[in-house]
Amino acid sequence: MPCTMDVEIKRDIRKLSLAELEEFFLSVGDKKFRAKQVYDWLWNKKLKNFEEMTNISKATREMLARHFVINHIRVDQMQRSEDGTIKNAVMLYDGKIVESVLIPTSKRITACVSSQVGCSLDCNFCATARLKRMRNLYPDEIFDQVATIMEEADRFFDRPLTNIVFMGMGEPLLNYANLIESIQKITSPEGLGMSPKRITVSTVGVCKMIRKLADDEVKFNLAVSLHSAINETRSRLMPINDTNPLEELAEALKYWYAKTKRKVTYEYVVWKGINDDEAHALALAKFCQVIPSKVNLIQYNPIDDGEFQQADPEAIAMYLKVLEGFGIVAKIRKSRGQDIDAACGQLANKNDLIKS
Ligand code: SAH
């Protein structure tokens with residue numbers, strides 16, 4: 001008879017809810033409150049191994065290590081830009097890599113985090129789109145990116161993390177359940193205790209999921225990557241517009257505003273010869289009237305092939321004038337961390353590990 005062996009595949013303890021952890025402790029004849037202690041070590045104190053759980057007996061710690069692992073992310077490579085921006089290439093438990101960025105300004109420290117490995121959306125100006133979507137990130141993998149940047153903010157700047165933006169790799173609304181669970185952990189007092197008002201989730205405009213956010217009455221902010229308020233142009237830039245055209249996006253945003261009373265931010269890049277004319281600026285101003293909103297004019301970060309080029313300063317000035325004429329608040333967002341490819345859309349550039 002062939003020799004068989006019982007190999008237990010250890011579960012990742014952070015995939016368990018508090019209730020499941022309580023059930024586990026009861027099942028091994030321990031006290032229910034032990035779960036709360038362990039949960040606190042895992043999520044509030046962010047421990048990466050069982051040995052450091054000092055208020056728990058050695059025997060219990062060893063028992064936990066026999067049953068579970070803690071699949072914490074690992075910073076595989078950290079790069080610092082001359083403007084202070086830090087980019088972490090983060091390795092996940094299965095060897096896949098995502099990137100997250102710390103962006104310091106005089107008033108804020110912002111964490112820009114990824115929600116998926118790769119992306120399925122094919123926006124043709126974005127470097128991440130060159131990768132196929134490989135998988136969704138788990139809530140703890142999103143949480144760890146924020147916790148890591150929190151530590152780096154403290155270590156390198158001696159300042160707290162103030163804001164979180166879901167503007168890294170992937171489409172957060174296509175990883176909905178894990179996104180929401182990660183934000184619950186990030187905002188709860190047992191987790192990182194961040195205010196949801198300081199969190200912004202950015203989407204290409206998945207209408208069905210914008211409506212779901214509204215139904216779920218989320219308390220964080222919403223940004224939509226618009227880039228054009230004319231269907232023909234937007235479809236050329238972002239194929240998602242074929243199935244989620246501007247009229248539907250407008251309806252979804254009305255629904256969002258009716259339920260949440262929160263204004264939306266539009267992210268918008270002005271490209272030479274694509275959307276740098278007055279017709280596009282006027283269309284944007286009109287779209288901004290659908291619900292209360294503001295515009296971030298983002299500087300284009302070249303992704304090597306030269307097909308897209310940042311518009312001339314005159315075109316940006318024209319946009320600002322048109323928007324101002326309609327009473328719309330617009331800001332120019334300068335690119336950060338360009339020398340280390342940490343700027344928007346560059347998160348996959350030159351990283352062979354992700355491409356493999
Ligand atoms: N999928 C979500 C989250 C990614 S956010 C979304 O699209 O909103 C990344 C932001 O950077 C988006 O607004 C995206 O349109 C923008 N972006 C992508 N590539 C860029 C580039 N090369 N230069 C400037 N902005 C870019």
Side-chain angles (χ1 to χ4, degrees), residues 14-21 39 43-44 98 100 110-117 119-121 133 135-147 161-226 238 240-241 243-267 287-288 290-294 296:
R14 290 191 302 167
K15 300 283 177 292
L16 268 60
S17 66
L18 179 58
E20 287 165 337
L21 205 53
Y39 205 74
W43 295 107
N44 187 273
V98 292
S100 33
T110 302
C112 175
V113 297
S114 296
S115 54
Q116 297 181 313
V117 185
C119 189
S120 57
L121 289 169
R133 188 190 74 82
R135 71 166 172 86
N136 285 331
L137 294 191
Y138 290 109
D140 52 278
E141 292 171 328
I142 298 172
F143 177 94
D144 284 355
Q145 292 177 66
V146 176
L161 176 69
T162 57
N163 296 74
I164 301 169
V165 295
F166 283 79
M167 297 186 186
M169 299 166 75
E171 168 55 40
L173 297 193
L174 294 182
N175 183 16
Y176 192 86
N178 292 351
L179 169 81
I180 298 295
E181 200 182 320
S182 73
I183 294 179
Q184 269 158 6
K185 292 254 158 52
I186 290 164
T187 51
S188 88
E190 291 86 44
L192 301 178
M194 297 277 304
S195 162
K197 290 195 192 107
R198 297 188 167 272
I199 300 177
T200 301
V201 170
S202 178
T203 175
V204 281
V206 187
C207 298
K208 197 172 133 197
M209 302 318 283
I210 292 175
R211 287 171 184 272
K212 175 137 179 65
L213 284 175
D215 285 336
D216 290 346
E217 293 178 22
V218 297
K219 301 283 181 284
F220 49 80
N221 301 301
L222 180 65
V224 173
S225 301
L226 197 62
M238 309 169 73
I240 182 88
N241 195 67
T243 47
N244 292 256
L246 289 159
E247 299 72 26
E248 274 180 39
L249 181 59
E251 289 308 311
L253 289 169
K254 280 187 205 160
Y255 190 79
W256 156 269
Y257 189 75
K259 291 241 174 177
T260 66
K261 292 283 171 295
R262 300 189 79 83
K263 64 166 114 164
V264 67
T265 303
Y266 297 120
E267 290 152 276
F287 195 83
C288 284
V290 170
I291 62 164
S293 59
K294 60 180 181 171
N296 281 342

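Count residues from 1 along the sequence. Everything numeric here is computed off the predicted structure, so don't read it as measured data.
- In this structure, the side chains of T200 and M167 come closer than 4.5 Å at one or more pairs of heavy atoms.
- Annotation: salt bridge (Lys or Arg N to Asp or Glu O under 4.0 Å) contacts of E181 (sequence neighbours excluded): K185.
- Considering all non-hydrogen atoms of both residues, A147 and L192 come closest at N-CD1, 4.1 Å.
- Take K197 and apply the salt bridge (Lys or Arg N to Asp or Glu O under 4.0 Å) test, not counting sequence neighbours, and it matches no residue.
- Applying the side-chain hydrogen bond (donor to acceptor under 3.5 Å, both in side chains) test to pairs two or more places apart or on separate chains, those with a residue in residues 207-219 are Y176-D216, K212-D216, D215-Y255, D215-K259.
- Between L246 and F287, the shortest heavy-atom distance links the atoms O-CE1, 3.7 Å.
- Not one N or O on the side chain of T187 forms a donor-acceptor pair closer than 3.5 Å with the backbone of S195.
- Remark: F143 pairs with W43 by the ring pair (Phe, Tyr, Trp, His ring centres under 6.0 Å) rule, at least two apart or across chains.
- We find the CG-CG distance between L249 and L226 to be 6.5 Å, quoted to the nearest 0.5 Å.
- Between C112 and G168, the shortest heavy-atom contact is SG-N, 3.5 Å.
- Every residue was checked against the ring pair (Phe, Tyr, Trp, His ring centres under 6.0 Å) condition with Y138, not counting sequence neighbours, and none meets it.
- By the side chain to side chain donor-acceptor pair (under 3.5 Å) test, N178 pairs with N175, sequence neighbours left out.
- Here the straight-line distance linking atom CG of L173 with atom OG of S115 works out to 8.5 Å at 0.5 Å rounding.
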> Does the side chain to side chain contact (heavy atoms under 4.5 Å, CB included) test come out yes or no for L213 and I180, once each step is laid out?
Replying inline: CA-CA 9 Å; L213 284 175; I180 298 295; 4.3 Å; yes
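- Counting heavy atoms from C-beta outward, V146 and V113 have side chains that approach closer than 4.5 Å.
- R198 meets the side chain to side chain donor-acceptor pair (under 3.5 Å) test with no other residue; sequence neighbours excluded.
- Of the inter-residue distances, the one linking L253 atom CG with K263 atom NZ reads 14.5 Å to the nearest 0.5 angstrom.
- Scanning all heavy atoms of the two residues, the minimum distance from T243 to E248 falls at O-OE1, 3.8 Å.
- Rounding to the nearest 0.5 angstrom, the gap separating the CG atom in L137 from the CE atom in M169 is 9.0 Å.
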> Given F220 and F166, is the ring-ring contact (aromatic ring centres under 6.0 Å, His included) satisfied, shown in steps?
Replying inline: CA-CA 11 Å; F220 49 80; F166 283 79; 7.6 Å; no
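- Nearest heavy-atom pair across Y39 and L16 is CE1-O, 4.0 Å.
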>> Using the rule given for side chain to side chain contact (heavy atoms under 4.5 Å, CB included), can you reason through M194 versus N163, listing the C-alpha separation, both sets of side-chain angles and the distance that settles it, and then say yes or no?
In response: CA-CA 8 Å; M194 297 277 304; N163 296 74; over 6 Å; no
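- With values rounded to the nearest 0.5 angstrom, I186 atom CD1 is found 5.5 Å from I199 atom CD1.
- Partners of T203 under the side chain to side chain donor-acceptor pair (under 3.5 Å) rule, at least two apart in sequence or in another chain, are E171.
- The shortest heavy-atom contact between Q116 and G170 is OE1-CA, 3.5 Å.
- Using a 4.5 Å heavy-atom cutoff, the side chains of I210 and L222 are in contact.
- Listed by chain and number, the residues in a side-chain contact (heavy atoms from CB on, under 4.5 Å) with S225 are S202, H227, M238, E267 (sequence neighbours excluded).
- Take K294 and apply the salt bridge (Lys or Arg N to Asp or Glu O under 4.0 Å) test, not counting sequence neighbours, and it matches no residue.
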> Step by step, would you call N221 with V201 a side chain to side chain contact (heavy atoms under 4.5 Å, CB included)?
Replying inline: CA-CA 6 Å; N221 301 301; V201 170; over 6 Å; no
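- Atom CG in L161 sits 7.5 Å away from atom OG1 in T110 (nearest 0.5 Å).
- With sequence neighbours excluded, the residues satisfying salt bridge (Lys or Arg N to Asp or Glu O under 4.0 Å) with D140 are R14, K15.
- A search for side chain to side chain donor-acceptor pair (under 3.5 Å) contacts involving N244 returns nothing, not counting sequence neighbours.
- Taking the side chain as every heavy atom from C-beta outward, S120 and L174 approach each other to under 4.5 Å.
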